[in-house]
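Note sheet for the following structure.
A note on names: the letters A, B, ... follow the listed sequences, proteins ahead of strands, and every chain is numbered from 1.
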Number of protein chains: 2
Amino acid sequence: MTSTPVQGAQVVSRVASLLRIVGRKPEGSPLVELVRESGLTRPTVHRLLSSLASEGLLDQDPQSGNWVLGPEILLMGSVASARFPLEDIARPSLRRLAEETGESAFFSIRRGAETVCLLREEGSFPVRSFVLHEGVRFPLGVASAGTAIMAFLPEAEQEELLAGWAAHARDFAAAHTEALVRENLAKTRQAGYSVNPGLVLEGSWGMGAAVFDQRGRPAWALSLTGIEPRFKGERQELLGRLLMEEAHRISTLLQGTAGAV
Amino acid sequence: MTSTPVQGAQVVSRVASLLRIVGRKPEGSPLVELVRESGLTRPTVHRLLSSLASEGLLDQDPQSGNWVLGPEILLMGSVASARFPLEDIARPSLRRLAEETGESAFFSIRRGAETVCLLREEGSFPVRSFVLHEGVRFPLGVASAGTAIMAFLPEAEQEELLAGWAAHARDFAAAHTEALVRENLAKTRQAGYSVNPGLVLEGSWGMGAAVFDQRGRPAWALSLTGIEPRFKGERQELLGRLLMEEAHRISTLLQGTAGAV
DNA sequence: CCCAAACCATCCATATTGTGGACACTCATC
DNA sequence: GATGAGTGTCCACAATATGGATGGTTTGGG
């Protein structure tokens, strides 16, 4: 993440990390938070934010003063979507999943050693969790989407992640011990789908299924989240079946897409 | 565009301009093109591109070697869309327009003194133009979308643009003389929709209608493009009516949206 | 098959550029 | 009206990004 093999690029890496932090939440972040999260000094952060804003990459919300993603990001995102039309590919599956299960459905992408939540579709069930939303990142192996993806990576890559597990999982390492994760990965490989039994947030369960790219690598994941009682017993198998069905449908769709991400 | 009121931000402005150039075309750009367009030296461009790529903001297409928008842009675009759900708001109108008219339909946004094409919906008519696609920018007052928007700006802003017209319109100034543009703007204000009679590309006509934000400012535009014979006489009035209908529908939808862009 | 042209990648001494400590301001809260 | 938490700005300093120069690779033409 913080590795920058490219020389002479201090500002680029700083700017990128600020953009990522701002992009974690649709409502953006105040300056202090960006200072804290980035580890930079206030003047530096402020100057970078101002220049990013003057370029249209960020905006400052007049009400809250929060820094939010700017119009240029929207534009570029729109162009990037032309190469990879997420909405067309994944949205219908999310709609069906949310509709049929009543839970909230998510589409996440693998990005390096993380998963990032891209799309969300609210379910009808009146109790909903708000841990997961567009922009949220988890280390691979944490949460249902990350587990589903990691389970189907080449074994060497899995072992690499597990070797530096504590550093990789960070705050999540406490609840996600290496042994527990290994067990979850094995279960996932067997069942085809992953189950997160409230490890991220007590009582908040999740299930996920990996989506494979043209080269057969697990690059995305569909997932469902909801409260514990709705993810047990027979219903768990039902949800798993639905997830895998839709994941397979998307994987197939992707065979027809030109550019990979 | 090139104005940078913020101090200590050279790299930020350079990076932003590179991203914008790459984002002009979904298929990206080769290094030379970026060097030419940005006016920077090759080593500098190369270094910035490499660092942007290592941050995931860009990617280098393995086939063509072209630099293209990277996964992080897709992610951030997705988050930005949560604040401003373009697809939900504008896509249905584009579908209807393309369906009912057979021409290709576009949704553009105003960004400073430019319009940027955000969404495209292909029509069924077998002759199609490829001048306009996601990411393409025109100076305000050029092409149908830019004319529709400019016509409804406060008079002072219009005069400001016209004052520096040659510099503003650049390559388009030849075909778009100040007198002609003034006339087009007047016609647009009267009819409610704009007509571009092949000024950008001979034989390729366009029509546009402005979409207004919460504060009543023209911030977006719907437009149609196609070949000359299909944009004349009674049909022109029909297309104008359809465009204005859909533009009005979107303007109304936007009243309900929280965050402006 | 060889040569030229066009494009891409990298090195490193230089000074231009970005940095951050210190100071000033604004707005809640007590 | 005093305290504190957050935001915005200045400027001397040096770390950082710069770009001329060099070498490598691919494409196409003779």
Side-chain angles (χ1 to χ4, degrees), chain A residues 1-25 27-70 259, chain B residues 1-25 27-70 259:
Chain A
M1 198 84 258
T2 333
S3 73
T4 309
V6 184
Q7 293 302 321
Q10 195 201 52
V11 178
V12 174
S13 123
R14 291 178 170 194
V15 157
S17 99
L18 288 176
L19 287 175
R20 265 194 297 266
I21 298 171
V22 171
R24 285 213 282 248
K25 295 174 288 178
E27 74 274 17
S29 325
L31 182 66
V32 260
E33 186 180 325
L34 289 159
V35 170
R36 181 167 15 92
E37 299 282 319
S38 67
L40 303 171
T41 61
R42 195 174 24 278
T44 298
V45 172
H46 186 264
R47 182 166 26 76
L48 292 176
L49 292 176
S50 308
S51 23
L52 285 168
S54 90
E55 297 292 341
L57 292 167
L58 292 181
D59 247 353
Q60 197 166 14
D61 188 274
Q63 311 234 317
S64 61
N66 274 8
W67 296 86
V68 296
L69 294 177
Chain B
M1 200 85 256
T2 334
S3 74
T4 310
V6 184
Q7 294 301 320
Q10 196 202 54
V11 178
V12 174
S13 122
R14 290 178 170 194
V15 158
S17 99
L18 288 176
L19 287 175
R20 266 194 296 266
I21 298 170
V22 172
R24 285 213 282 249
K25 295 174 288 178
E27 74 274 17
S29 326
L31 182 66
V32 258
E33 186 180 325
L34 288 159
V35 170
R36 181 164 18 88
E37 300 280 319
S38 67
L40 303 172
T41 62
R42 190 162 26 330
T44 298
V45 172
H46 186 264
R47 182 165 25 76
L48 292 176
L49 292 176
S50 308
S51 24
L52 285 168
S54 89
E55 297 293 339
L57 292 166
L58 292 180
D59 246 353
Q60 197 167 14
D61 188 276
Q63 312 234 316
S64 61
N66 274 8
W67 296 87
V68 296
L69 294 177

Problem - T41(A)-T44(A) side chain donor-acceptor pair, cut-off 3.5 Å - result: yes
Handout entry: Under 3.5 Å donor-acceptor, D61(A) side chain and Q63(A) backbone
Key = yes
Fill in the blank from the handout: In short, V35(B) meets R42(B) closest at the heavy-atom pair CG2-CA, 3.8 Å
Practice task
Give one of base, sugar-phosphate or nothing for Q60(A), where a contact means two heavy atoms less than 4.0 Å apart.
Solution key: sugar-phosphate
Practice task
Quick one: list whatever passes side-chain contact (heavy atoms from CB on, under 4.5 Å) with R36(B), sequence neighbours left out.
Solution key: E33(B)
Exercise for the section: Round to a whole Å and report the spacing from CG of L49(B) to P of dT18(D). Expected result: 12 Å
Exercise for the section: Please state how far atom CD in Q10(A) lies from atom P in dA15(D), giving the value in whole angstrom units. Expected result: 11 Å
Handout entry: Distance below 4.0 Å between H46(A) side-chain N/O and dG8(D) OP1 or OP2
Key = yes
Practice task
For the residue pair V22(B) and L34(B), establish whether any side-chain heavy-atom pair is separated by less than 4.5 Å.
Solution key: yes
Problem - Length of the line joining R36(A):CZ and dT7(D):C1', which is rounded to integer Å - result: 15 Å
Fill in the blank from the handout: For S38(A), the side chain to side chain donor-acceptor pair (under 3.5 Å) test, sequence neighbours excluded, returns none
Practice task
Choose from dT16(D), dT7(D), dT17(C) the nucleotide whose nearest atom is closest to any side-chain atom of L31(A).
Solution key: dT7(D)
Exercise for the section: Could you tell me whether a side-chain N or O of Q60(B) sits under 3.5 Å from a main-chain N or O of G65(B), the two making a donor and an acceptor? Expected result: yes
Exercise for the section: Among L52(A), L69(A), V15(A), find the residue that satisfies the side-chain contact (heavy atoms from CB on, under 4.5 Å) test when tested with L57(A). Expected result: L52(A)
Handout entry: d(CG, L48(B); P, dC8(C)) in whole Å
Key = 16 Å
Practice task
Using five base pairs at each end, measure the axis-to-axis angle across the helix from dC1(C)-dG30(D) to dC30(C)-dG1(D) and round it to 10 degrees.
Solution key: 40°
For nucleotides 20-28 of chain C, print each protein N/O atom paired with a nucleotide N/O atom at under 3.5 Å, atom names and distance only.
unit_1	atom_1	unit_2	atom_2	d
dG20(C)	OP2	T44(A)	OG1	2.8

Exercise for the section: Let me know the distance between CD of E33(B) and C1' of dC8(C), rounded to the nearest Å. Expected result: 15 Å
Practice task
Identify, with sequence neighbours excluded, every residue that meets side-chain contact (heavy atoms from CB on, under 4.5 Å) alongside R24(B).
Solution key: I21(B), E37(B)
